[in-house]
Every structure is written in structure tokens, then in C-alpha cells.
Amino acid sequence: MGRLFGIPIYVSPTWFIVAVVITWMFEGPASEVVDRPMSYVVAFAYAVLLYASVFVHELSHSLVARLFGLHVRAITLHILGGVSEIEREPRTPGREFLVAFAGPLLSLVLAGAGMLADLVTTLPPVAQLLVQAVTLANLAVGVFNLLPGLPLDGGRMIRAVIWKVSGRPRTGTVVAGWVGRGLAVLVLVAGAFAATYRAADAGFGWLSLIWSALIASFIWVGATQAIRAELLRDRIPLLHARRLARRATLVTAGVPLAEAVRRAHADGSGAIVIVDHEGRPTGLVSEQAVLATPENRRPWVDVGDLSRGLEPGLRLAVDLSGEELVTAVREAPATEYLLVEPTGRVYGVLAVSDIDRAFATA
């Protein structure tokens with residue numbers, strides 16, 4: 001949708017699903033202050049204002065993270081709210097706490113401002129309805145995100161506190177993740193209770209159950225991913241590019257694929273690298289593309305047609321290991337990387353599938 005403070009802003013197509021649902025639900029209250037079909041316009045305006053509040057919430061996270069020197073890849077609004085894609089976590093528990101607290105704090109400040117505006121100003125009925133609704137929404141967003149469980153902001157705050165007390169971020173993540181799982185179960189139970197004993201009378205029982213199930217699944221998945229990521233992080237120091245490298249066969253782009261595969265088998269190689277006539281590497285052949293090419297067509301396909309040019313991030317030092325290796329791969333997503341010696345000589349190819357396999361077996 002654009003950039004703000006240099007941060008790319010994205011809106012997931014799933015937002016339009018939520019916009020339709022919110023417009024439909026809010027049209028009833030809107031029809032009490034304005035006639036149809038304008039009531040639908042007012043209801044849709046509320047949906048936009050609601051997500052504008054979510055956006056401001058996420059923007060506050062991002063700006064505080066930027067103050068601490070953290071790179072923010074993007075802000076994305078989706079079906080259940082929004083997410084700030086911060087490149088890495090803060091280096092101290094205090095900074096972690098502040099980045100997490102910034103979002104709920106701003107939501108509560110906006111809710112307070114809305115209450116104040118409703119009390120001290122006389123607004124037209126439509127404006128008053130929107131102000132009251134957005135105020136309630138910001139209050140709900142602020143309070144909900146303060147709940148103590150990952151991946152919510154309250155969970156990150158709990159993680160920061162446990163990190164500070166124990167001195168171990170891993171302990172904070174695992175505890176906050178399990179609290180998040182418990183919170184997910186409570187949300188689902190609360191939704192089922194509301195659908196059975198409360199909301200069913202109003203005709204929204206099924207909607208309450210579906211919405212609570214979506215929120216509970218979001219919290220459960222987020223908490224589980226946080227726990228799993230922390231466990232995987234213990235394996236990161238075991239990763240070494242040199243150990244994971246595949247031997248590479250060097251061929252020029254005009255060599256038929258069948259011949260390139262034959263040479264690779266003869267060399268005992270697990271990868272093919274494209275070089276120019278002076279032996280300088282220029283591209284990496286995709287293993288997936290090779291496997292997807294039928295054998296009867298390989299003599300008629302140039303191997304260069306299945307290659308990807310060597311962009312700067314695809315050329316890695318062979319001595320990378322641990323966190324440095326993971327960071328390098330994360331910054332330039334690809335399926336294969338060229339590994340080179342300090343002298344510039346080609347050592348081999350690193351395949352992401354091999355990294356995944358190393359994580360699974362470590």
C-alpha cells in the first residue's frame with residue numbers, strides 16, 4: 001500500500017473478508033443513526049477505522065524497534081489484526097519489554113483520547129457512533145494484547161521479565177509460550193461458552209464460536225512456533241557451511257542438461273554451477289528444476305536455462321557458521337548458495353534443504 005517512515009505497508013487479501021463481516025455486523029447500529037444504504041457506508045468506515053487503529057498499534061512497535069537500531073521489514077494487516085516484521089529480537093530484556101509495551105500503550109492512549117472526546121465535545125450522531133465504536137475497539141485491542149502469553153504483546157513482556165530475572169531469554173520464551181498455549185485453550189472455551197449460553201440468544205452463537213476458534217488457533221500456533229524456534233536456536237551453533245556443502249560440478253551455460261547431470265554423477269557432485277569461459281561462477285542450477293525436467297528432454301535443454309544468476313546475497317563465505325550463517329540465509333532467501341573460499345575459489349554449494357535436514361537430525 002506504500003511506505004511510512006521507510007517501512008513497507010501491506011494489506012493481506014484476508015482483510016477484505018473481515019471488512020465485509022464487520023460491515024455486516026456494524027450496519028445494525030449504524031442504521032439507527034443514518035438511513036440505508038448510507039448505514040453500510042458508515043459501517044464500512046468503521047471497519048477501515050478499526051484497522052487503522054491496528055495499524056497505528058503495529059507502527060508504534062516498529063518505531064520503538066527502529067529507535068533501538070532494529071530493522072523492520074514490513075507491517076502487514078491480516079484477518080486477525082496485524083504484525084510487525086522485525087528482523088531480529090532486541091538485545092536486552094528492557095528493550096524487549098519496551099518494544100512489546102509500545103503497541104498496547106498507544107491503543108490505550110487512543111481509547112482514552114476517544115473517551116475524552118466523547119465527554120467534552122458535541123458530535124453529530126454518525127461521528128459520535130464512530131468515535132465510541134473505535135474507542136471501544138482500541139480499548140479491546142490494548143487489553144487483549146496485554147494478556148500474558150505469546151505471541152501477544154503481554155507474552156513478550158512476560159518473556160522480557162523472566163529473561164531479566166533468570167538471565168536466559170530461552171527460559172522466558174518457553175514459559176511465555178506455554179502460557180500462550182493455556183490462553184488459547186481459555187479463549188476457545190470462552191467462545192464455546194458464549195456461543196452456548198449467551199450469544200446464541202442474539203443469533204450470533206456460531207459467529208462467536210468461529211471467531212474464538214480463529215483467535216485461539218492464532219495464539220496456539222504463535223506460541224508453538226515461538227517454543228519451537230527457541231528449541232531450534234539451540235541447534236544453530238552446530239551449523240557449519242563447510243560441513244553442509246555439496247561438491248559442485250562447473251559447466252558453461254550452453255552445455256546440455258543431460259551432459260551436465262552426467263558430469264555431476266561422474267564427479268560425485270550434488271550440485272551444478274554455471275561458469276563463464278574463464279571459469280568464473282555466474283549462476284546456480286536449481287536442483288528442483290533439474291528434477292522437474294523429464295530425462296527425455298534433458299539433451300535438448302541447456303543447463304543455463306535452469307540457472308539463477310549469482311546475486312550478491314547468493315555468494316557466501318564457506319567458513320560461515322552458527323548465527324552468522326542463519327542470518328546470511330535469511331537476508332537473501334533462496335534454495336541454493338555458492339560457497340567460496342577466502343581466495344575466491346569455489347568450494348561447493350549450500351542447499352537450504354540440507355540446512356533443514358541438519359536441524360531435524362541435530
Side-chain angles (χ1 to χ4, degrees), residues 12 14-15 18 50-65 68 70 72-90 92-111 136-166 169-192 194 208 210-231:
S12 167
T14 58
W15 176 84
V18 181
L50 173 61
Y51 266 78
S53 301
V54 173
F55 167 68
V56 172
H57 175 104
E58 295 300 329
L59 183 63
S60 64
H61 286 308
S62 298
L63 293 181
V64 174
F68 294 136
L70 303 177
V72 180
R73 293 195 186 95
I75 295 175
T76 302
L77 302 180
H78 54 74
I79 190 169
L80 291 177
V83 60
S84 300
E85 300 177 29
I86 301 174
E87 188 173 73
R88 54 183 173 84
E89 65 182 24
T92 66
R95 292 182 176 184
E96 169 81 354
F97 187 94
L98 292 175
V99 171
F101 186 49
L105 176 62
L106 188 56
S107 294
L108 295 176
V109 168
L110 290 176
L136 182 61
N138 275 286
L139 181 62
V141 168
V143 173
F144 176 72
N145 275 279
L146 285 175
L147 293 177
L150 287 174
L152 300 177
D153 298 329
R156 294 179 59 194
M157 293 163 64
I158 292 296
R159 173 184 183 273
V161 171
I162 297 176
W163 178 4
K164 179 68 174 178
V165 172
S166 67
R170 182 183 187 280
T171 301
T173 300
V174 173
V175 171
W178 276 103
V179 173
R181 284 177 165 178
L183 182 63
V185 174
L186 290 177
V187 169
L188 186 59
V189 171
S208 298
I210 291 175
W211 200 247
S212 64
L214 283 173
I215 294 174
S217 63
F218 164 74
I219 296 175
W220 180 275
V221 171
T224 300
Q225 287 179 342
I227 295 172
R228 185 174 299 159
E230 199 62 42
L231 296 177

Report yes or no: does Glu58 contribute a side-chain atom to a donor-acceptor pair with the main-chain N or O of Ser84 at less than 3.5 Å?
->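 Yes, Glu58 side chain to Ser84 backbone: donor-acceptor pair under 3.5 Å.
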Say whether, by atom type as modelled, one donor and one acceptor occur between the side chain of Ser12 and the main chain of Trp15 under 3.5 angstrom.
->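 No; zero donor-acceptor contacts below 3.5 Å.
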Atom pair CD1/CG of Ile219 and Leu188 - distance to nearest 0.5 Å |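 CG of Leu188 is found 10.5 Å from CD1 of Ile219.
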Rounded distance (nearest 0.5 Å) linking atom CG of Leu147 with atom CE of Met157 |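 Here the rounded value is 11.0 Å.
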Taking all non-hydrogen atoms of both residues into account, name the closest pair between [X] and [Y] and its distance.
X: Thr171; Y: Ser166; answer: CB-OG, 3.9 Å
X: Arg95; Y: Pro90; answer: CB-CB, 3.7 Å
X: Gly191; Y: Ser212; answer: CA-OG, 3.3 Å
X: Ile162; Y: Gly172; answer: CG2-CA, 3.6 Å
X: Gly142; Y: Pro104; answer: O-CB, 3.8 Å
X: Gly177; Y: Ala223; answer: O-CB, 3.3 Å

Please identify which of these residues, [options], meets the side-chain contact (heavy atoms from CB on, under 4.5 Å) condition with [X].
X: Leu77; options: Thr14, Val54, Val18, Val83; value: Val54
X: Phe101; options: Asp153, Asn145, Leu146; value: Leu146
X: Ser62; options: Val72, Val99, Leu70; value: Val72

For the pair Phe68 and Thr92, evaluate side-chain contact (heavy atoms from CB on, under 4.5 Å) and give the outcome as yes or no after the intermediate values.
-> CA-CA 10 Å; Phe68 294 136; Thr92 66; over 6 Å; no
Is atom CZ of Arg228 surrounded by more than 12 heavy atoms (other residues, nucleotides or ligands) closer than 6.0 Å?
->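 For Arg228, atom CZ is not crowded (no more than 12 foreign heavy atoms under 6.0 Å).
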For the residue pair His78 and Phe218, categorise the inter-ring angle as parallel (less than 30°), tilted (30 to 60°) or perpendicular (more than 60°).
->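 Rings of His78 and Phe218: tilted, as their planes differ by 30° to 60°.
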For Leu59 and Ile75, run side-chain contact (heavy atoms from CB on, under 4.5 Å): C-alpha distance rounded to whole Å, both residues' side-chain angles, the deciding distance at 0.1 Å, then the answer.
-> CA-CA 7 Å; Leu59 183 63; Ile75 295 175; 4.0 Å; yes
Give a yes-or-no answer on whether the side chains of His57 and Asn138 include a donor-acceptor pair shorter than 3.5 Å.
->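 Per modelled atom types, His57 and Asn138 side chains form no pair under 3.5 Å.
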Begin with the C-alpha distance, continue with both residues' side-chain angles, and end with the deciding distance and a verdict on side-chain contact (heavy atoms from CB on, under 4.5 Å) for Thr173 and Ile227.
-> CA-CA 6 Å; Thr173 300; Ile227 295 172; 5.6 Å; no
Is there a side-chain contact between Ile215 and Phe144, using heavy atoms and a 4.5 Å cut-off?
->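 Counting from C-beta outward, Ile215 and Phe144 do come under 4.5 Å.
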Minimum side-chain heavy-atom gap Trp220-Leu183 below 4.5 Å =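 Sidechains of Leu183 and Trp220: no contact.
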Salt bridge check: are Glu89 and Arg159 linked by an N-O gap of less than 4.0 Å?
->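 Here Glu89 pairs with Arg159 in a salt bridge, since their nearest N and O are under 4.0 Å apart.
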